[in-house]
Number of protein chains: 2
Amino acid sequence: MAKLSDVAARAGVSVSAASRVLSGDPAARLSEETRERVRQAALEIGYQPNFAGRALKLARTDVIALVVPDVTNALFTELTRGVEDEAVARGCVMLLARSEDMQPGGEMFGRLVGEGRVDGLVLQPRDGADPKALAAALGKRSPVVTIHQALPDASSVVVPDALAARRAVEHLIALGHERIGFAGGLTSSPTAQRRAEGYREALRAAGLPYDPALVTWRGYQEADGRAAAAELLTRREPPSALIAANVNAAVGVLAQSRAQGLAVPEDLSVVAVHDAWTAEHTWPPLTCVRLPLYELGRTAVEALANAIAGGPVAHRSVDSPGPVLVERSSTARPHR
Amino acid sequence: MAKLSDVAARAGVSVSAASRVLSGDPAARLSEETRERVRQAALEIGYQPNFAGRALKLARTDVIALVVPDVTNALFTELTRGVEDEAVARGCVMLLARSEDMQPGGEMFGRLVGEGRVDGLVLQPRDGADPKALAAALGKRSPVVTIHQALPDASSVVVPDALAARRAVEHLIALGHERIGFAGGLTSSPTAQRRAEGYREALRAAGLPYDPALVTWRGYQEADGRAAAAELLTRREPPSALIAANVNAAVGVLAQSRAQGLAVPEDLSVVAVHDAWTAEHTWPPLTCVRLPLYELGRTAVEALANAIAGGPVAHRSVDSPGPVLVERSSTARPHR
DNA sequence: ATCCTCGGATCAAACGATTGCTCAACTCAT
DNA sequence: ATGAGTTGAGCAATCGTTTGATCCGAGGAT
């Protein structure tokens with residue numbers, strides 16, 4: 001690989017001069033002619049600054065890690081894109097890591113944070129992860145921004161979960177549904193709490209009663225949705241429509257409905273909060289409320305950059321674009 | 001962060017002594033007592049070697065990049081896990097990147113390879129990518145191992161695609177099918193070629209005719225499967241079963257069958273080559289041939305380690321475990 | 001002529017870890 | 001007692017970049 005000293009030699013200047021030219025130091029006093037010669041030389045031998053040398057000197061790697069529960073889950077597609085785009089825009093490289101590997105005491109944790117491989121972390125804690133343990137492990141070791149959930153002493157970014165759930169309910173009410181169930185996430189999940197809150201608000205706003213018998217708190221997995229549907233659909237007065245707190249759970253709801261001989265949307269309408277591309281390929285394609293996850297990713301990186309720069313802890317909500325209903329084929333007017 | 005000199009100071013030894021103890025240099029002559037003191041000191045102040053310092057000196061980052069066409073595609077789940085596990089086992093960190101960002105001349109390419117951020121690449125070229133351009137761009141800049149497809153001058157690892165397709169056909173033949181279609185990938189895709197080859201072999205082995213009218217070469221996307229099914233199912237004598245060259249395409253086949261009023265598996269059996277978790281959640285759940293993708297990932301990293309160590313170019317096939325049929329609900333005996 | 005200033009460019013010291021070489025002290029054989 | 005060999009440990013150079021300090025000459029002001 002070409003080094004800076006090669007560039008300098010070829011341009012007939014000192015290494016320091018070359019460095020100043022290439023890093024565009026405005027305070028440097030160098031003739032335009034010299035600058036041009038250095039730039040030429042760099043171009044000709046295809047110079048690229050050595051990462052390690054620079055990182056050592058600057059104590060900065062320009063790498064940020066995105067830590068999510070499951071890297072290959074479709075739910076994270078948009079988020080990942082958002083984080084990556086913003087990272088690249090800021091001259092950073094994004095490193096993807098699984099939360100699973102990022103246990104406080106774990107190997108990866110040490111390598112990424114302890115060895116100084118990353119400048120900061122965008123972290124989505126696993127549902128059920130202990131916020132205090134996480135916060136303690138991170139300590140002041142590395143700037144962190146969490147998404148969907150706040151940690152003590154770290155900035156966080158969330159999306160309008162309540163409003164999204166509310167939009168879902170409103171859609172069903174507009175179709176004429178009155179008994180609307182809610183297949184929620186774990187009670188320990190802040191997003192699940194907020195989505196449930198939106199569900200309640202929407203019912204209240206429409207003058208419909210809140211019936212705890214129509215609400216479950218199983219989780220965000222496909223199996224959880226299945227279990228939730230199994231429970232809710234065998235109620236004495238079953239709901240005519242169901243909100244699933246997430247796409248994966250909605251897939252489970254679909255499967256269970258089918259298993260019980262119910263047709264969607266004829267016998268049961270289903271709406272999922274949180275859109276993902278998989279929702280288009282289920283049967284029937286799922287009506288969803290799309291959340292601004294791409295923007296969540298971008299905003300998180302922005303917040304992280306602030307944190308790295310030593311800015312104060314801040315908690316933000318990504319409100320634009322707002323949640324919007326994507327109507328597909330899993331919702332219809334109630335049967336009778 | 002604690003530095004090596006801190007450890008040395010605390011243990012009352014020189015930096016070099018501390019370094020030798022901690023890196024376990026066997027040739028170093030140091031008393032056991034000194035070693036113990038250094039280890040203690042390191043433990044007490046929570047020392048972890050600084051990544052940049054070490055990378056600079058050793059000209060090695062212990063980072064390998066996995067470059068796939070679409071990070072969040074379910075198809076890559078297993079591969080990713082395999083690569084990561086093997087990387088961690090070898091003391092490396094895995095960096096995930098999208099092929100999209102890794103265009104030969106691109107930004108990411110420069111940052112990862114040009115700046116020396118990674119020791120090597122495990123690369124799955126996008127379908128339709130120009131192998132020559134890629135090889136040229138990589139040049140001798142960085143060790144590379146490709147998967148699914150070979151590049152000039154680089155090691156590669158593949159899975160037994162032909163055999164997998166063959167297993168799929170054999171399953172359908174065993175059920176009694178005789179008109180079996182094949183919704184393949186692009187003709188430019190080596191995996192698609194191999195899977196088609198296996199399809200042909202299986203037919204030949206069973207004494208069934210190979211009918212080009214039952215074969216399409218659309219691609220691996222859901223829309224491609226949809227288009228393929230649309231074409232094949234409107235033939236004068238439509239197939240009673242279809243092999244989809246990949247899970248995503250199979251999802252499209254399922255959707256299109258439904259759209260044409262055909263029930264799966266009653267009117268049409270469908271088998272996908274290449275299993276993924278999404279196959280369990282389609283309707284009906286897809287019968288698949290599972291490929292050893294986890295092992296593919298591990299093997300690729302192994303091959304990459306060889307390449308980094310300066311070993312010769314080698315081309316391997318991951319034959320164990322062999323492809324195995326995972327029977328779900330999308331296949332049945334033919335209708336009449 | 002002297003003192004300043006300023007443009008143009010180089011020197012040299014970091015950053016943190018690794019490693020070849022040197023050095024002191026001690027043991028042991030001659 | 002002298003030299004060789006061994007053991008235990010430190011010195012200092014090095015990896016590639018950045019950056020504060022320094023140096024040199026030319027021109028301007030006094």
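A note on names: the letters A, B, ... follow the listed sequences, proteins ahead of strands, and every chain is numbered from 1.
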**Q** Check the distance between D:dG16's P and B:R117's CZ and give it to me in whole angstrom.
**A**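 For the pair B:R117 CZ and D:dG16 P, the rounded distance is 17 Å.
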**Q** Remember a base hit wins even if backbone is also touched, and classify A:R29 as base, sugar-phosphate or nothing at under 4.0 Å, heavy atoms.
**A**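 Base, at least one base heavy atom under 4.0 Å.
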**Q** Among the nucleotides D:dT17, D:dA9, C:dT18, which one has an atom lying closest to any side-chain atom of B:L58?
**A**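 Closest nucleotide among those given: C:dT18.
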**Q** CE of A:M1 versus C1' of D:dT17: gap in Å, rounded?
**A**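 Rounded to whole Å, this separation is 17 Å.
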**Q** Do NZ/NE/NH1/NH2 and the carboxylate oxygens of A:E86 and A:R90 come within less than 4.0 Å?
**A**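 Yes, A:E86 and A:R90 are salt-bridged.
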**Q** Contact class for A:S19 (heavy atom, under 4.0 Å): base, sugar-phosphate, or nothing?
**A**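 Since a base atom lies under 4.0 Å of A:S19, the category is base.
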**Q** How close or far is atom P of D:dC15 from atom NZ of A:K57, stated in whole angstroms?
**A**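 Rounded to the whole Å, the gap is 17 Å.
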**Q** Taking the side chain of A:T34 as its heavy atoms from C-beta onward, which of C:dA9, D:dT19, C:dT18 lies nearest to it?
**A**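 Taking heavy atoms from C-beta onward, the closest nucleotide is C:dA9.
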**Q** So if I take every side-chain heavy atom of A:S14 and compare against C:dT18, D:dC15, C:dT10, which nucleotide ends up nearest?
**A**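 When the side chain of A:S14 is considered, C:dT10 is the closest of C:dT18, D:dC15, C:dT10.
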**Q** Taking N and O atoms by type only, does the side chain of B:R20 place a donor or acceptor under 3.5 Å from a partner on the base of C:dG20?
**A**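 For B:R20, whose side chain was compared with the base of C:dG20, there is a donor-acceptor pair (under 3.5 Å).
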**Q** Looking at the base of C:dC11, is there any donor atom on it, or on the side chain of A:S16, that sits under 3.5 Å from an acceptor on the other one?
**A**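 In this structure, the two groups form a donor-acceptor pair.
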**Q** B:E115 has an atom CD; how far is it from atom P of D:dT18, in whole Å?
**A**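 Between P of D:dT18 and CD of B:E115: 10 Å.
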**Q** Could A:E302 and A:R316 be called an ion pair, given the rule that one side-chain N must be under 4.0 Å from one carboxylate O?
**A**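 Yes, this pair counts.
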**Q** Are A:R98 and B:D85 close enough for a salt bridge, meaning some N to O gap below 4.0 Å?
**A**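 A salt bridge links A:R98 with B:D85.
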**Q** Quick one: B:Q48 CD to C:dG16 P, roughly how many Å, whole number?
**A**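 Taking CD of B:Q48 and P of C:dG16, I get 15 Å after rounding.
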**Q** When you check the gap from the basic side-chain N to the acidic O, do A:R39 and A:E36 get nearer than 4.0 Å?
**A**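 Between A:E36 and A:R39 there is a salt bridge, with a charged N closer than 4.0 Å to a carboxylate O.
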